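What follows is a single structure, written as structure tokens, with notes after it.
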Amino acid sequence: MRKFEGDTLLVATHNRGKLEEIAHLLKPYGISVVGAADKGLAEPEETETSFAGNARIKAHAAARATGLPALADDSGIEIDALGGAPGVHTADWAETGQGRDFAMAMSKAHDRLVESGAPQPWRARFCCTLVLAWPDGHDEVFPGTVEGKIIWPMRGDQGHGYDPIFQPDGYEVTFGEMDRWGKNRISHRGDAFARLVAGCFD
């Protein structure tokens, strides 16, 4: 396992909220975090069929372009009764041509579950894979998950994506009803980050 030894980490995302979360998590290690937008990087096409594959594309493209170690993630929701869909197509289900509509995507997931005739509880999990890549082509991969179930109707206006229909195991509230920092402690991204920190920063 290669340790991170620099003082600046490039995060291959254009999402300011995600950048803030990562900066907060790495603050104790004295590492400054810069985003892909700060470096004028385009978003590469995600052509792989796994979260790890797509995270690798983003991390290596950013590391090659800047000469900095780069961290990327790919994440989504897998619903058992839908054969693991939407999976890597989680964001694609929300595409409209005028931006992403996650209320539409959640309705699509619910409609497909009803059409499938699958009995409740509708088991599901959020998945996140983090890839830390170096300019020399080396990378380390850290998967994280959180198990739960799909509920309907949607509940809560916190978070993003499919959070209002996902109720994590052991909780009576959805991710959409949790504050950001509370969710981060138990989320798929939090799980992957704990593995990343243990492997490369501790």
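Keep in mind it's a predicted model, so treat the numbers as computed, not measured. As a basis for the values below, the full set of heavy atoms in this structure was taken, side chains included, without hydrogen atoms, waters or symmetry mates.
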Can you find a heavy atom in the side chain of [X] that is under 4.5 Å from one in the side chain of [Y]?
X      : Y      : result
Tyr29  : Asp202 : yes
Asp139 : His60  : yes
Ile77  : Ile165 : no
Asp73  : Thr13  : no
Phe201 : Ile31  : yes
Thr145 : Glu78  : no
Asp163 : Lys183 : yes
Glu21  : Arg180 : yes

Any sub-3.5 Å donor-acceptor pair from [X]'s side-chain atoms to [Y]'s backbone N or O?
X      : Y      : value
Arg185 : Gly190 : no
Thr129 : Asp74  : no
Ser107 : Ala103 : yes

How far does [atom1] of [X] sit from [atom2] of [Y], to the nearest 0.5 angstrom?
X      : Y      : atom1 : atom2 : answer
Met1   : Cys200 : CE    : SG    : 5.5 Å
Met104 : Asp111 : CE    : CG    : 11.5 Å
Ile57  : Thr47  : CD1   : OG1   : 3.5 Å
Leu26  : Phe193 : CG    : CZ    : 6.0 Å
Lys108 : Tyr162 : NZ    : OH    : 7.0 Å

Might you point out which heavy atoms bring [X] and [Y] nearest each other, and give the distance in Å?
X      : Y      : result
Val88  : Phe51  : CG1-N, 3.7 Å
Arg155 : Thr174 : O-OG1, 2.7 Å
Ala59  : Val131 : CB-O, 3.6 Å
Phe142 : Gly199 : CE2-CA, 4.4 Å
Pro164 : Met106 : CD-SD, 3.7 Å
Ala63  : Ala70  : N-CB, 3.7 Å

What side-chain donor-acceptor pairs closer than 3.5 Å can you find for residues 35-45, not counting sequence neighbours?
residue	atom	partner	partner atom	Å
Asp38	OD1	Arg16	NH1	3.3
Asp38	OD2	Gly35	N	2.9

[X] [atom1]: over 12 foreign heavy atoms closer than 6.0 Å:
X      : atom1 : value
Tyr171 : OH    : no
Lys149 : NZ    : no
His138 : NE2   : yes

Next on the checklist: Salt bridge or not between Arg125 and Asp80? Use side-chain N to carboxylate O under 4.0 Å.
Outcome noted: yes

Item to check | Short N-O contact, Arg123 and Asp169, less than 4.0 angstrom | outcome: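 Yes, this pair counts.
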
Checklist outcome for this item: Residues passing the ring-ring contact (aromatic ring centres under 6.0 Å, His included) test with Phe126, sequence neighbours excluded, are Phe166, Phe175, His188

